[in-house]
Q: 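Just dropping this structure here.
This structure is a prediction, so every number in the text was calculated from the model and none was measured.
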Amino acid sequence: TYPITWNINYKGPKKYAPAIIRIDPDENAWLLTQNGIFVCNKKEKKVTHIYVTGSSHDSLPSRSIEAGVFNKYNNLWLSASNGIQVYDWKKQTVLATHNIKFGLPSMIVKDIQADSSGKIWANTLAGLALFDPQKKIWRNFNRFDGLENDYLDWNLFITADNKIAI
């Protein structure tokens, strides 16, 4: 076990459950929780709490992280109740923010996954969204495209050959 270092400015409850665990390219565990992000750094043998919310460019979208995934470009894509942010996990800065203005069908993203080509898939409360990082555009799918319904509040799974299960 490693000691947890809470962010000095964090005033919320000292809990980190429930959590989603993601592994970065350096094989460190990231716990995405309702109270921020905890990074278990194997090299330094400590757990660091990332909790900076607000309107600055480096702020997390919210203290409550719904989902997250590392894509093949080594960015951490985070979702909360206010869209998606692309996070540079090495520099701990926000690279981009995605919301309705930029093509998401809903601000509420319940799950986010990356396929083997680096594209991002997101389950939202208004359908399925696909982001192509090369073209920098979102494509949205809903019941008019064959989905059973638009309200997708469960997990998304992508197979090794990029087939989607929702």
Side-chain angles (χ1 to χ4, degrees), residues 12-13 15-25 28-40 50-55 57-89 92-166:
K15 298 178 184 176
Y16 48 86
I20 298 166
I21 298 175
R22 297 291 183 246
I23 306 298
D24 70 26
N28 296 308
W30 289 63
L31 280 71
L32 312 177
T33 77
Q34 293 177 351
N35 296 311
I37 299 171
F38 297 85
V39 182
C40 181
I50 299 172
Y51 174 78
V52 180
T53 62
S55 59
H57 183 70
D58 296 337
S59 297
L60 293 175
S62 165
R63 83 171 193 190
S64 182
I65 306 297
E66 291 279 343
V69 67
F70 289 94
N71 70 347
K72 80 175 203 170
Y73 305 107
N74 293 333
N75 296 319
L76 175 59
W77 291 68
L78 298 168
S79 69
S81 60
N82 53 0
I84 295 173
Q85 284 188 321
V86 185
Y87 193 71
D88 181 326
W89 61 278
Q92 295 188 2
T93 60
V94 175
L95 300 173
T97 299
H98 298 267
N99 52 34
I100 291 173
K101 180 180 172 183
F102 296 102
L104 271 178
S106 170
M107 292 295 283
I108 300 175
V109 178
K110 297 308 255 181
D111 195 17
I112 187 167
Q113 297 293 332
D115 67 23
S116 63
S117 69
K119 293 179 181 166
I120 300 298
W121 294 84
N123 269 4
T124 78
L125 297 188
L128 180 66
L130 168 65
F131 182 75
D132 184 332
Q134 299 299 317
K135 296 178 182 175
K136 302 205 181 313
I137 58 169
W138 286 96
R139 179 170 177 207
N140 300 313
F141 304 91
N142 56 36
R143 65 187 180 283
F144 300 112
D145 299 301
L147 290 178
E148 189 173 314
N149 62 50
D150 295 341
Y151 190 87
L152 304 176
D153 67 344
W154 49 81
N155 293 334
L156 176 65
F157 181 77
I158 302 175
T159 64
D161 59 349
N162 291 334
K163 292 186 177 159
I164 308 296
I166 52 176

Q: Counting distance only, does the side-chain N/O of D24 pair as donor-acceptor with the main-chain N or O of F70 below 3.5 Å?
A: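 Pair absent, no side-chain N/O of D24 close to backbone of F70.
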
Q: Would you say D115 and S117 are linked by a side-chain donor-acceptor pair, where the criterion is simply a distance under 3.5 Å?
A: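 Side chains of S117 and D115: pair found under 3.5 Å.
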
Q: Tell me the closest heavy-atom pair linking V69 and A114, and the distance in Å.
A: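 Of all heavy-atom pairs spanning V69 and A114, the closest is CG2-N, 3.7 Å.
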
Q: Minimum heavy-atom separation for R139 to F141, with atom names?
A: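 Closest heavy-atom pair between R139 and F141: CZ-CE2, 3.4 Å.
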
Q: Roughly how far, to the nearest 0.5 Å, is the CG atom of L78 from the CD1 atom of I37?
A: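 Reported to 0.5 Å precision, the distance equals 4.5 Å.
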
Q: Can you check whether P105 reaches W138 side chain to side chain, under 4.5 Å on heavy atoms?
A: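 They are not in contact (no side-chain heavy atoms under 4.5 Å apart), so the answer is no.
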
Q: Is the backbone of A67 close enough, under 3.5 Å, to the side chain of S79 for a donor and an acceptor to pair up by distance?
A: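 Yes; judged by distance alone, with no hydrogens or angles, the pair exists.
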
Q: Take N162 and S116 through the test side-chain hydrogen bond (donor to acceptor under 3.5 Å, both in side chains) and record every step on the way to the result.
A: CA-CA 7 Å; N162 291 334; S116 63; 3.0 Å; yes

Q: I would like to know whether F157 and K163 meet side-chain contact (heavy atoms from CB on, under 4.5 Å); could you show each step before the answer?
A: CA-CA 8 Å; F157 181 77; K163 292 186 177 159; over 6 Å; no

Q: Within the structure provided, determine whether D145 and L128 are in side-chain contact (heavy-atom separation under 4.5 Å).
A: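 They are not in side-chain contact.
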
Q: Quick one, L152 and L147 - any side-chain contact, counting heavy atoms below 4.5 Å?
A: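 Yes, at least one pair of side-chain atoms sits under 4.5 Å.
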
Q: Answer yes or no: is there a side-chain heavy-atom contact under 4.5 Å between W30 and I50?
A: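 A side-chain contact under 4.5 Å exists here.
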
Q: Check for a donor-acceptor pair, side chain of N142 on one end and backbone N or O of A126 on the other, with a separation under 3.5 Å.
A: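 No, because the side chain of N142 does not come within donor-acceptor range (under 3.5 Å) of the backbone of A126.
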
Q: Between K119 and D132, what is the shortest heavy-atom contact and its length?
A: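 It is CE-OD2, 3.6 Å.
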
Q: Can any side-chain N or O of N123 pair as donor or acceptor with the backbone N or O of K110 at less than 3.5 Å?
A: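 Flag not set: sc N123 to bb K110 has no pair under 3.5 Å.
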
Q: Return the minimal non-hydrogen interatomic distance between A29 and I21, and the atom names on each side.
A: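 Here A29 and I21 meet closest at CB-CG2, 4.4 Å.
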
Q: On a heavy-atom basis, which atom in G68 and which in L76 lie closest, and how many Å separate them?
A: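 Of all heavy-atom pairs spanning G68 and L76, the closest is C-CD1, 4.4 Å.
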
Q: Should the ring pair F131 and W77 be called parallel, tilted or perpendicular, given that the plane angle runs from 0 to 90° and is split at 30 and 60?
A: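 It falls in the tilted class, 30° to 60°.
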
Q: Could you tell me if the side chain of I164 sits less than 4.5 Å from the side chain of L156, heavy atoms only?
A: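 Yes. Closest side-chain heavy atoms under 4.5 Å.
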
Q: Measure across V109 and S106 and return the closest heavy-atom pair with its distance rounded to 0.1 Å.
A: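 In this case the closest contact between V109 and S106 is CG2-O, 4.2 Å.
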
